[in-house]
Amino acid sequence: MTDKKTNNDNAATNNQAAGSKTTNKQGQSSAKAQAPQTSTQREAAKAKAEANKTASTVSSSAAPKATETKAETNTTEKKAAAKPATPPAEKKSGSKTGAIAIALVIALGAGLYYHGHQQGLAQEAQIAALQQQIATITNQVQTSQKETIGQVDQSLQRTQVVIEQQDKSISSLQLALSEMEGRRPNDWLLAEADYLIKMAGRKLWLEHDVISSTTLLESADHRIAELNDPSLRNVRKAMSNDITSLKAVARIDRDGLVLRLTSLQEQVATLPLANAIIPEAKSVEENIVSTSVDDWQTNLKTSLKNFSEHFVTYRQRDGSVIPLLSPKQDFYLQENIKSKLETAIHSVYREQGEVYATSLTMAKEWAEQFYNIDDPATQSFINTLDQLAKENIEASYPDRLQSQPIISDLINERLRGKIKPLSSEENPA
């Protein structure tokens with residue numbers, strides 16, 4: 001910019017010099033013709049100097065308009081040179097024109113600056129709106145991407161579950177086919193014997209049903225005997241030992257005990273209550289009236305005392321009196337005895353001998369204390385409790401069946417050992 005201003009200033013100076021030479025030449029020529037034009041030439045020179053100052057000021061304040069201002073200055077100089085004689089009014093008009101030009105240049109620069117500033121603000125607003133739109137679109141894309149990924153993951157999981165189920169189905173079908181191919185015609189009897197032995201074990205340890213367990217073992221022995229296979233001799237021997245040990249277990253008629261206890265529960269409501277227990281009164285000596293006339297005073301007192309005892313009788317007794325039970329207490333007594341009998345019933349199935357005996361003993365004590373012992377119904381109730389309390393409800397069972405592991409190993413060896421895995425049939429490649 002400095003070089004351009006310097007070149008412009010040099011051009012303006014050259015133009016001014018050229019104009020001065022032309023003016024001087026014209027002045028010399030006009031001086032020869034008219035001598036009074038010397039003052040006019042001086043005013044023109046002053047106007048040129050002011051125009052040069054104005055041009056330099058305009059070029060420093062508004063560089064983009066320097067060329068136009070210099071052109072106007074040159075035009076002004078040419079006009080001033082063309083008019084050798086200018087009145088003072090033209091000098092004032094030149095000053096006003098320069099001021100107007102400066103004002104126009106400043107207004108034009110301010111307008112350009114304001115216009116550029118407004119355009120910059122508008123562009124910034126547009127950029128901010130575009131950035132916000134980009135951020136919104138980015139969030140939408142990320143959200144849709146996450147949803148798509150989640151749906152794909154769920155689809156993959158469902159597909160994986162379906163594939164696993166299909167693999168299991170294929171494995172089970174392969175297993176079934178292998179079993180069908182590898183079985184012998186009578187292998188189902190061996191499998192049935194295995195099932196019967198397992199059922200016997202469950203009956204024995206879960207329900208303590210010795211009779212059912214023995215029957216199931218005997219049925220399994222018959223199934224193995226039908227195979228007529230000498231290699232199964234060890235299995236039959238173990239089953240015979242199990243049957244013998246089960247038959248040695250004490251047989252307990254639990255159903256019979258429970259039925260008898262239930263009948264006692266129903267009989268409680270019919271038992272007669274005992275009367276109030278009153279201790280015997282002490283013997284009192286009776287005063288006898290004598291036949292002697294001399295004892296008339298004693299006889300009178302005795303007669304009066306006997307007469308008064310007919311109205312109020314006072315007897316002295318030693319010991320506590322047990323009163324009669326109220327209806328409410330009688331109801332509670334019946335329910336308590338029934339509760340003890342119910343506890344005994346549960347103890348029979350659980351084989352809790354101590355709880356069983358304790359419950360029946362307490363029921364017997366309450367019956368002897370609160371019911372009429374002389375009544376035959378009460379005596380029968382108490383005797384039945386004594387008999388039931390002496391019953392044994394506990395038994396010793398075998399910890400395990402010898403035949404169960406032997407036949408399980410045999411099943412695994414004969415039937416499941418022939419099953420080919422799924423991978424063995426597939427091509428290794």
Side-chain angles (χ1 to χ4, degrees), residues 199-215 246 248-282 313-399:
M199 289 298 297
R202 293 173 184 172
K203 282 286 186 179
L204 178 62
W205 295 312
L206 296 179
E207 301 178 12
H208 292 174
D209 190 355
V210 180
I211 298 175
S212 298
S213 299
T214 305
T215 304
L246 289 179
V249 176
R251 303 296 177 88
I252 301 172
D253 187 11
R254 292 187 177 83
D255 294 336
L257 293 175
V258 170
L259 290 174
R260 294 177 68 181
L261 291 171
T262 304
S263 65
L264 290 178
Q265 281 184 329
E266 296 174 355
Q267 189 180 354
V268 170
T270 61
L271 296 178
L273 292 173
N275 295 325
I277 300 174
I278 301 174
E280 296 181 359
K282 293 182 178 181
T313 302
Y314 174 77
R315 294 185 180 89
Q316 186 177 358
R317 301 175 186 272
D318 294 332
S320 58
V321 178
I322 300 175
L324 293 172
L325 293 177
S326 63
K328 187 175 182 180
Q329 292 174 338
D330 181 20
F331 174 77
Y332 290 151
L333 175 62
Q334 292 178 7
E335 293 301 320
N336 287 333
I337 294 176
K338 289 180 182 179
S339 175
K340 291 299 178 183
L341 294 176
E342 187 68 26
T343 303
I345 291 173
H346 291 296
S347 301
V348 170
Y349 289 112
R350 297 174 183 174
E351 296 188 3
Q352 298 174 345
E354 186 177 356
V355 176
Y356 173 79
T358 303
S359 300
L360 294 181
T361 301
M362 293 185 67
K364 175 187 173 183
E365 291 177 356
W366 289 342
E368 291 176 346
Q369 183 177 358
F370 297 102
Y371 290 110
N372 187 6
I373 302 176
D374 298 332
D375 190 81
T378 305
Q379 293 177 359
S380 175
F381 182 82
I382 294 172
N383 292 332
T384 305
L385 289 177
D386 286 334
Q387 294 176 1
L388 293 175
K390 295 176 182 179
E391 294 287 341
N392 183 21
I393 62 172
E394 295 179 350
S396 178
Y397 302 99
D399 296 334

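All residue numbers refer to positions in the sequence shown, counting from 1. What's counted below: heavy atoms across the whole structure, side chains too, no hydrogens, waters or symmetry copies.
Under the 4.5 Å side-chain criterion, counting only non-hydrogen atoms from C-beta, Leu246 is in contact with Leu204.
Remark: Leu261 CG to Ile345 CD1 distance equals 5.0 Å, nearest 0.5 Å. In this structure, CD in Glu335 is found 10.5 Å from CG in Asp330, a value given to the nearest 0.5 Å. Note: Leu264 CG to Leu360 CG = 8.5 Å, rounded to the nearest 0.5 Å. Between atom CG of residue Leu257 and atom OG of residue Ser347 there is a gap of 11.5 Å, rounded to the nearest 0.5 Å.
Side-chain atoms of Glu394 never come within 3.5 Å of backbone atoms of Gln352 as a donor-acceptor pair (strictly under, hydrogens ignored). Ser213 contributes a side-chain N or O that, together with a main-chain N or O of Ala200, makes up a donor-acceptor pair within less than 3.5 Å. Side chain of Thr343 to main chain of Ser339: a donor-acceptor pair is present (N/O by atom type, distance under 3.5 Å, no hydrogens or angles).
Under the rule for a ring pair (Phe, Tyr, Trp, His ring centres under 6.0 Å), Tyr349 has no partner lying at least two apart in sequence or in another chain. Scanning for side chain to side chain contact (heavy atoms under 4.5 Å, CB included) contacts around Ala367 gives Tyr371, Phe381, Ile382, with sequence neighbours left out. Among residues two or more places apart in sequence or in another chain, the side-chain hydrogen bond (donor to acceptor under 3.5 Å, both in side chains) test is passed with Asp209 by Ser212. For Glu391, there are no salt bridge (charged side-chain N to carboxylate O under 4.0 Å, His left out) partners at least two apart in sequence or on another chain. Applying the salt bridge (charged side-chain N to carboxylate O under 4.0 Å, His left out) test to Lys340 and every residue at least two apart in sequence or in another chain returns nothing.
Across all their heavy atoms, Ala363 and Leu385 have their closest contact at C-CD1, 4.0 Å. Annotation for Asp375 and Pro272: closest pair CG-CG, 3.4 Å, computed over non-hydrogen atoms.
The side chain to side chain donor-acceptor pair (under 3.5 Å) analysis of residues 258-273, with sequence neighbours excluded, yields the pairs Arg260-Gln387, Gln265-Glu342. Sorted by first and then second residue, the side chain to side chain donor-acceptor pair (under 3.5 Å) pairs with a member in residues 354-368 read Lys364-Asp386; sequence neighbours excluded.
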Just distance, no hydrogens or angles: give the donor-acceptor pairs under 3.5 Å from side chains in residues 248-255, sequence neighbours left out.
unit_1	atom_1	unit_2	atom_2	d
Asp253	OD1	Gly256	N	3.2
Arg254	NE	Val348	O	3.3
Arg254	NH2	Glu351	OE2	2.1
Arg254	NH2	Tyr397	OH	3.0

